[in-house]
Amino acid sequence: MSPATIFNVHLVIGYVPWLLCFGAYVWPRLNAMDPVDAQRAIATLHSFRFFGLVFLLPGVVGPNLPADFTVFAAYGDFATGILAMLALLTLRIRPLFWPLVVAFNLVGAADIIIDYYHGNQLGLAALAGELGATYAIPIIYVPVLMITHVIALYLLVRPQTLLKTA
């Protein structure tokens with residue numbers, strides 16, 4: 001198999017174990033939680049997205065990784081992480097907490113979708129080796145991030161009458 005094929009298989013298959021894990025363990029718990037606690041748990045995970053700045057570190061990623069991809073991916077992750085941290089810091093100030101929850105989820109989901117698009121447009125699969133130490137981010141970390149964005153947004157828009165008590 002070519003490196004590009006392996007990378008593309010990894011991108012797709014990376015969702016499978018996370019979806020299985022979420023279906024069996026995480027979703028039932030989040031679905032039963034108080035909405036604030038569920039969003040808090042998701043925000044905590046996303047608060048680590050400051051780590052996306054690693055795409056800008058020479059020596060961690062290869063020199064031939066397109067800057068058009070790395071800069072947007074790095075700062076999109078960083079912005080999402082900061083918004084998630086702000087949401088956590090404003091937990092007790094609900095008029096600030098909820099807009100920040102919406103913001104980090106919309107910014108974060110858009111970041112991932114745009115990164116997939118940019119990566120495809122730039123032929124990232126053929127340059128997958130240039131991801132260097134960051135290779136695991138799109139393969140292992142991004143799927144759980146995207147899944148949690150979908151869950152968070154679903155929890156935000158579902159009718160309150162469907163909420164279950166913990």
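Just so we're clear, the structure is a prediction, and the values are computed from it rather than from any experiment. Just so it is clear, the values below take in all heavy atoms, side chains as well, and ignore hydrogens, waters and symmetry mates.
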### Task
Please lay out, stage by stage, how Y141 and F48 fare under the test ring pair (Phe, Tyr, Trp, His ring centres under 6.0 Å).
CA-CA 11 Å; Y141 192 41; F48 287 93; 8.3 Å; no
Of all heavy-atom pairs linking V107 and G76, the shortest is CG1-O, 4.4 Å
Output for pair (D37 CG, I42 CD1), nearest 0.5 Å, gives 11.0 Å
Quiz prompt | Polar side-chain atom of Q39 near backbone of A152 as donor-acceptor pair, under 3.5 Å | solution = yes
Output for pair (L11 CG, I6 CD1), nearest 0.5 Å, gives 12.0 Å
Next on the checklist: Under a 3.5 Å threshold, yes or no: a donor from one side chain and an acceptor from the other, between S2 and T5?
Outcome noted: yes
For this session: Using a 4.5 Å cut-off on heavy atoms from C-beta on, say whether the side chain of Y75 contacts that of L53.
Result: yes
Do Y117 and I113 have side chains that get closer than 4.5 Å, going by heavy atoms?
no
Original post:
Less than 4.5 Å apart, any side-chain heavy atom of L145 and any of P143?
Top reply: no
To the nearest 0.5 Å, atom CG of L65 lies from atom CG of L124 at 6.0 Å
- Query: Is there a side-chain contact between F55 and I137, using heavy atoms and a 4.5 Å cut-off?
  - Reply: yes
H46 meets the ring pair (Phe, Tyr, Trp, His ring centres under 6.0 Å) criterion, sequence neighbours left out, with F104, H149
Quiz item: Just wondering, more than 12 heavy atoms not from Y135 lying within 6.0 Å of its OH?
Solution: yes
Here the gap from I112 atom CD1 to M146 atom CE, rounded to the nearest 0.5 Å, amounts to 5.5 Å
query: Backbone N or O of L19 within a donor-acceptor pair of the W27 side chain at under 3.5 Å?
result: no
CZ of R40 to OG1 of T44, rounded to nearest 0.5 Å, is 6.5 Å
The reported gap from CG in L106 to CG in L153 (rounded to nearest 0.5 angstrom) is 5.5 Å
On a heavy-atom basis, the closest approach of D111 and F72 is OD1-O, 3.7 Å
Quiz item: Between F78 and F51, does the ring centre distance come in under 6.0 Å?
Solution: no
Note: F69 and L131 closest approach over all heavy atoms is CE2-CD2, 4.4 Å
Check: Is the backbone of A4 close enough, under 3.5 Å, to the side chain of N8 for a donor and an acceptor to pair up by distance?
Finding: yes
Query raised in the report: Around atom OH of Y116, are there more than 12 heavy atoms of other residues, nucleotides or ligands at under 6.0 Å?
Result: yes
Residue set satisfying side-chain contact (heavy atoms from CB on, under 4.5 Å) with R94, at least two apart, ordered chain then number -> V36, F97, W98
All heavy atoms of A43 vs all of A84, minimum pair found to be O-CB, 3.5 Å
Nearest heavy-atom contact between L155 and A38 is CD1-CB, 3.9 Å
